[in-house]
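Working notes, structure below.
Every chain is numbered from 1 and lettered A, B, ... according to where its sequence line falls, protein lines coming before strand lines. All values reported here derive from a predicted model rather than from experimental measurement.
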Amino acid sequence: MQTFKSSFLQTLQERGFIHQCSDFEGVDALALKGELIAYVGYDCTAASLHIGNLLSIMMLHHLQASGNKPITLMGGGTTRVGDPSGKDETRKLLTVEQINDNKNSIKQVFSKLLTFGDGKTDCIMLDNADWLTKLNYIDMLRDIGRHFSVNRMLSMDSVKLRLERDQEMSFIEFNYMILQAYDFVELARNYGCNLQMGGSDQWGNIINGVDLGRRMKNKEVEAHQLYALTTPLLTTASGAKMGKTASGAVWLNADMFSAYDYWQFWRNTEDADVARFLKLFTLLPMDEIAKLEALQGADINNAKIRLATEATALIHGTDAANQAADTARKTFEQGIVATNLPTFEYPRAEIIGMGVLDAFRITQLCASNGEARRLIAGGGLSVNSVSVTSHTHILSETDIVESFVKLSFGKKKNALLKAI
RNA sequence: GGGGGAGUGUCCCGAGUGGCAAAGGGGGCGGACUGUAAAUCCGCUGGCUACGCCUUCGUAGGUUCGAGUCCUACCUCCCCCA
């Protein structure tokens with residue numbers, strides 16, 4: 001454990017953000033003077049960022065809060081190439097249109113946690129398509145390519161692992177690290193950027209940028225020392241990768257993952273992870289987290305509720321977070337029908353006489369009749385909190401309580417049929 | 001260019017003798033126990049108008065009462081030689 005002088009590194013350290021750094025002292029000195037200009041790059045492979053990316057956004061937030069300048073870099077150019085890090089197979093190449101759509105869709109999240117503008121510590125957003133697409137192949141080989149040793153590139157994890165597993169690695173992907181390294185130098189040159197942060201899987205790519213900066217400095221480019229800082233890979237205490245659920249990733253955009261589901265995701269955190277996540281994913285002061293951390297047994301649930309509400313508020317706003325907390329309390333603790341569950345309206349006459357299989361399919365709780373049948377056989381479906389015992393059950397007048405029928409899939413997924 | 005090998009249940013890995021809706025894992029989901037946790041145990045993990053029918057083993061044909069399994073061509077990938 002080292003001690004840092006700057007509040008930036010102190011904060012990152014006590015909250016558990018730090019995995020590796022190329023030079024702690026150098027970063028500490030810059031941070032102390034408020035002269036850090038740090039960037040994180042974001043892939044545009046999906047229409048939303050997910051909680052894996054959230055870690056680095058939080059880091060940028062702490063950076064800004066400590067008086068330094070953050071840069072968010074959209075990978076409009078690099079996404080056209082595809083990052084091979086941590087992937088077994090080549091991903092399908094996205095079209096330029098898809099990438100642009102994704103880029104626009106992703107952008108909205110940053111303003112929740114970062115202040116943009118023209119001021120000294122205001123965040124700026126850039127897109128590496130602006131310079132990467134203008135590169136000339138021969139010039140690039142001469143100016144940048146000569147600084148890269150293929151011997152070394154082959155030894156990078158992102159390449160080596162592919163080769164060891166006999167997995168295909170195309171030339172386009174092989175170039176990814178060069179482009180990312182170039183990004184760093186480009187940002188250093190034009191924006192004074194001096195630090196790149198990212199997940200631990202990005203270490204190799206980031207270091208390449210640092211090295212490129214040094215090599216070019218000796219030659220033609222007026223550049224300053226560049227630094228690298230990475231966060232640990234996020235896993236749950238039981239070792240599973242963070243952020244994957246049955247339906248896929250935990251997205252940050254509300255239209256892809258509702259505030260309620262997002263709240264639920266954090267609410268279902270394992271006991272052993274609560275303190276760690278409070279530090280990483282909320283802005284609660286450390287002494288308050290210490291109090292929550294001290295809770296034992298079933299009281300840990302209070303800490304989880306706090307975690308869920310705080311984390312949801314950061315991304316979806318305080319109102320949405322409180323509403324999600326409220327819905328959860330009614331649904332789970334009081335068994336009351338909360339009306340902001342997913343609701344599907346149908347004429348009263350149609351609901352009466354509707355088969356349960358249809359009802360669960362219509363409300364999208366079950367994907368097929370077969371799935372509904374299986375779950376009924378296993379006691380997993382219920383109507384108005386009463387377990388359904390037969391797949392031939394027909395909804396009747398008595399199932400409609402104050403014009404609602406509450407359908408539940410397991411204990412955690414609910415939907416309402418509303419009679420109109 | 002020559003020789004050898006591989007592609008299996010649309011989540012992944014992986015058995016598979018001509019009778020196969022296809023072994024076994026992992027993951028996921030549901031149930032029990034709990035605290036909306038973890039661990040553990042049990043069940044499920046192609047579709048349907050459902051004791052029956054339809055669609056699935058790289059693609060397209062063929063042999064056969066019957067093909068994941070045999071034959072032919074093609075596609076993709078890997079290894080060795082040049």
For residues 54-66 of chain A, which side-chain donor-acceptor pairs fall under 3.5 Å, sequence neighbours excluded?
residue	atom	partner	partner atom	Å
A:S56	OG	A:Y42	OH	2.8
A:S56	OG	A:N53	O	2.9
A:H61	ND1	A:L113	O	2.7
A:Q64	OE1	A:T115	N	3.0
A:Q64	NE2	A:T115	O	2.9
A:Q64	NE2	A:T121	O	2.8
A:S66	OG	A:H62	O	3.1
A:S66	OG	A:L63	O	2.9
A:S66	OG	A:N68	ND2	3.3

**Request:** Flag the pair A:I51 / A:W251 as yes when at least one side-chain heavy-atom distance between them is below 4.5 Å, and no otherwise.
**Result:** no
**Message:** So for atom CD, which belongs to A:E25, do other residues, nucleotides or ligands contribute more than 12 heavy atoms lying within a distance under 6.0 Å?
**Reply:** no
**Asked** From the list B:G30, B:U36, B:A32, which nucleotide is the closest neighbour of the side chain of A:K411?
**Response** B:A32
**Request:** Can you tell me the distance, in whole Å, between the NZ atom of A:K412 and the P atom of B:U34?
**Result:** 16 Å
**Prompt:** Counting side-chain heavy atoms from C-beta on, which of B:G35, B:U36, B:C29 comes nearest to A:W263?
**Reply:** B:U36
**Prompt:** Looking at RNA chain B, which of residues 366-376 of chain A put a heavy atom within less than 4.0 Å of it?
**Reply:** A:S368, A:N369, A:G370, A:R373, A:R374, A:L375
**Prompt:** More than 12 non-hydrogen atoms from neighbouring residues, nucleotides or ligands closer than 6.0 Å to NZ on A:K112, yes or no?
**Reply:** yes
**Item:** Distance-only donor-acceptor test, A:D299 side-chain atoms vs B:G35 base atoms, 3.5 Å
**Value:** no
**Fill in**
note: A:L292, atom CG; B:G35, atom P; distance rounded to Å ~ 20 Å
**Item:** Closest to the A:Q264 side chain, choosing from B:U36, B:G30, B:A38
**Value:** B:U36
**Message:** Applying a 4.0 Å non-hydrogen cut-off, can you work out what A:A328 is touching in the nucleic acid: base, sugar-phosphate, or nothing?
**Reply:** base
**B:U49 - base-pair partner by Watson-Crick or wobble geometry, distances under 3.5 Å** = none
**Aromatic ring proximity A:F409/A:F360, centre distance under 6.0 Å** = no
**Request:** Measure up the A:F184 and A:Y39 rings against each other and bin them: parallel (under 30°), tilted (30 to 60°), perpendicular (over 60°).
**Result:** perpendicular
**Item:** With A:W203, the side chain to side chain contact (heavy atoms under 4.5 Å, CB included) member among A:I207, A:D201, A:N205
**Value:** A:I207
**Request:** Could you say whether A:G378 or A:A298 is positioned toward the 5' end of RNA chain B, judged by the nucleotide with the nearest heavy atom to each?
**Result:** A:G378
**Partner nucleotide, any strand, of B:A6 [Watson-Crick/G-U, under 3.5 Å]** = B:U76
**Message:** Both distances below 3.5 Å, Watson-Crick or wobble geometry, any strand: find the nucleotide opposite B:C20.
**Reply:** none
